[in-house]
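Accompanying notes for the structure given below.
Note that these values count all heavy atoms, side chains included, but never hydrogens, waters or copies made by symmetry.
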Amino acid sequence: PNSPLNNSLHAEQFVSIMTLKNKERLKALALTAEPCGHCRQFLIEMNEVTDLDIILPGALEKKLKQLLPNSFGPKNLGVKTSLYDDRDNHLILTNTKDLLALEALKQANLSYAPYTESYSGMAMSVDNDKMVSGFYIENVAFNPSVSPLMSTLAHLRSLDLNYSDIVKVVLVEKKNATIRQEKNIRNILNIISPKVIFEVYEAMTV
């Protein structure tokens with residue numbers, strides 16, 4: 001509410017984030033309409049899944065490569081890894097035993113940022129004693145990137161939890177990263193959950 005439209009998370013991105021959370025690979029998407037250009041560009045980061053099946057009502061099944069011919073993908077910038085590859089970004093925290101901070105660190109070590117190496121992750125506690133988390137997902141075209149807050153909120157909503165359920169939020173960012181998430185996240189949290197406790201940790205690379 002009351003924030004720029006680019007703070008929206010598209011349905012195709014939400015589903016992709018859930019496959020990562022569940023350690024699954026996206027093979028097909030059934031949609032009510034063809035995905036927008038923003039989502040097509042986001043999907044190309046998923047191991048460059050040009051053979052992804054797009055299933056539409058009353059239409060022949062299509063491949064992503066038909067919807068995004070001559071695509072600009074990770075390989076154009078010399079990146080050979082994919083969003084589905086296993087990762088460990090080798091970040092450490094030495095000054096906390098806080099469980100939320102350690103979960104946020106785990107997410108930062110899973111984050112996908114091959115273009116800037118600005119790794120970040122997040123964890124939230126909610127008032128029913130659950131923890132939700134997520135990590136930064138970078139895109140070769142930059143704008144379709146998903147912040148750690150947005151991927152964590154996707155996890156929150158997948159469990160049918162609400163913004164009002166959030167008690168505490170912890171962000172872990174790589175120290176001296178080129179891309180910083182804190183200011184934007186703080187602004188959004190002030191809108192959706194203004195009384196939430198928000199803590200930020202900087203992680204060192206080893």
Side-chain angles (χ1 to χ4, degrees), residues 6 9-29 35-54 63-93 102-123 132-155 158 171-182 184-185 201-206:
N6 64 351
L9 190 69
H10 295 221
E12 292 87 337
Q13 290 176 302
F14 179 91
V15 169
S16 300
I17 290 167
M18 288 301 101
T19 65
L20 293 168
K21 183 64 68 176
N22 297 324
K23 301 187 185 311
E24 298 169 338
R25 285 181 178 259
L26 191 63
K27 294 182 178 178
L29 274 175
C36 71
H38 179 93
C39 290
R40 296 177 198 195
Q41 186 64 57
F42 180 82
L43 290 168
I44 209 71
E45 208 76 43
M46 312 289 286
N47 209 15
E48 296 205 62
V49 286
T50 52
D51 285 330
L52 179 72
D53 291 321
I54 306 295
K63 300 288 186 183
L64 178 61
K65 61 187 172 186
Q66 293 175 266
L67 300 179
L68 196 63
N70 304 316
S71 61
F72 179 78
K75 290 179 182 176
N76 292 96
L77 293 185
V79 171
K80 296 178 181 179
T81 59
S82 84
L83 187 48
Y84 279 131
D85 289 339
D86 292 331
R87 285 177 299 283
D88 180 356
N89 297 321
H90 304 291
L91 301 176
I92 59 168
L93 287 176
L102 294 175
E103 175 61 24
L105 174 67
K106 175 184 173 184
Q107 296 300 314
N109 276 317
L110 293 172
S111 69
Y112 176 80
Y115 311 106
T116 68
E117 297 184 357
S118 299
Y119 310 118
S120 58
M122 176 172 283
V132 295
S133 57
F135 55 78
Y136 177 45
I137 301 171
E138 213 162 62
N139 187 270
V140 67
F142 293 0
N143 286 351
S145 299
V146 175
S147 75
L149 175 63
M150 288 301 168
S151 63
T152 304
L153 291 178
H155 188 198
S158 75
L171 170 69
V172 169
E173 297 193 89
K174 178 184 172 184
K175 187 176 178 65
N176 298 324
T178 305
I179 304 297
R180 303 291 294 186
Q181 304 283 345
E182 179 182 353
N184 284 343
I185 288 173
Y201 291 81
E202 290 189 332
M204 302 293 293
T205 307
V206 291

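Q13 places no side-chain N or O within 3.5 Å of a backbone atom of H38 that could act as its donor or acceptor partner. Looking only at distances, no side-chain donor or acceptor of E45 sits under 3.5 Å from a matching main-chain atom of A141. Under the 3.5 Å distance criterion, the side-chain polar atoms of T152 are matched with a main-chain donor or acceptor of G134. For N109 (side chain) and K106 (main-chain N/O), no donor-acceptor pair under 3.5 Å exists by modelled atom type. Remark: the backbone N or O of P35 is paired with a side-chain donor or acceptor of R40 at under 3.5 angstrom. Checking side-chain atoms of E103 against main-chain N and O of A123 turns up no donor-acceptor pair under 3.5 Å.
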| request: Go through the steps to decide whether Q41 and N139 satisfy the test side-chain contact (heavy atoms from CB on, under 4.5 Å), and finish with yes or no. | output: CA-CA 8 Å; Q41 186 64 57; N139 187 270; 3.5 Å; yes
| field | Worked verdict on Y119 versus T205 for side-chain hydrogen bond (donor to acceptor under 3.5 Å, both in side chains) | value | CA-CA 10 Å; Y119 310 118; T205 307; over 6 Å; no
| request: Given side-chain contact (heavy atoms from CB on, under 4.5 Å), test L43 with L68 step by step and report yes or no. | output: CA-CA 10 Å; L43 290 168; L68 196 63; over 6 Å; no
| field | Test log, rule side-chain contact (heavy atoms from CB on, under 4.5 Å), inputs L77 and F72 | value | CA-CA 9 Å; L77 293 185; F72 179 78; 4.0 Å; yes
| request: For H10 and F42, run side-chain contact (heavy atoms from CB on, under 4.5 Å): C-alpha distance rounded to whole Å, both residues' side-chain angles, the deciding distance at 0.1 Å, then the answer. | output: CA-CA 10 Å; H10 295 221; F42 180 82; over 6 Å; no
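Nearest heavy atom pair, residue L52 against residue A28, reads CD1-N, 3.6 Å. Taking both residues in full, the closest heavy atoms of V172 and A104 are given as CG2-CB, 3.6 Å, listed atom of the first, atom of the second, then distance. Scanning both residues, S158 and F14, for their nearest heavy atoms gives CB-CZ, 3.9 Å. The two residues S147 and Y136 make their nearest non-hydrogen contact at CA-CD1, 4.1 Å. The shortest non-hydrogen separation linking T81 to P114 is OG1-CB, 4.4 Å. Closest non-hydrogen pair, T19 versus L26, comes out as CG2-CD1, 4.0 Å.
To the nearest 0.5 angstrom, Q66 atom CD is 9.5 Å from D51 atom CG. Annotation: the span from I137 atom CD1 to L83 atom CG amounts to 5.5 Å, rounded to 0.5 Å. Rounded to the nearest 0.5 angstrom, E12 CD and I54 CD1 are separated by 8.0 Å. For the atom pair CE (M46) and OG (S82), the distance works out to 8.5 Å, reported to the nearest 0.5 Å. For the atom pair L110 CG and L91 CG, the distance stands at 10.5 Å (nearest 0.5 Å). Between atom CE of residue M122 and atom OG of residue S111 there is a gap of 12.0 Å, rounded to the nearest 0.5 Å.
Within the 4.5 Å cutoff, no side-chain heavy atoms of F135 are placed close to those of V146. Within the 4.5 Å cutoff, the side chain of K21 has heavy atoms near those of the S133 side chain. Two residues are said to be in side-chain contact when any heavy atoms from C-beta on lie closer than 4.5 Å; Q107 and P148 fail this criterion. Here the side chains of L153 and L9 are not in contact, with every heavy-atom distance at 4.5 Å or above. Within the 4.5 Å cutoff, the side chain of V140 has no heavy atoms near those of the V79 side chain. Residues E173 and S118 are not in side-chain contact: their nearest non-hydrogen atoms beyond the backbone lie 4.5 Å or more apart.
For E182, the salt bridge (charged side-chain N to carboxylate O under 4.0 Å, His left out) criterion is met by R186, not counting sequence neighbours.
Around the CG atom of D86, the shell of radius 6.0 Å holds no more than 12 heavy atoms that belong to other residues, nucleotides or ligands.
A salt bridge is defined here as a Lys NZ or Arg NE, NH1 or NH2 lying under 4.0 Å from an Asp or Glu carboxylate O, and D53 with K27 fails to meet this definition.
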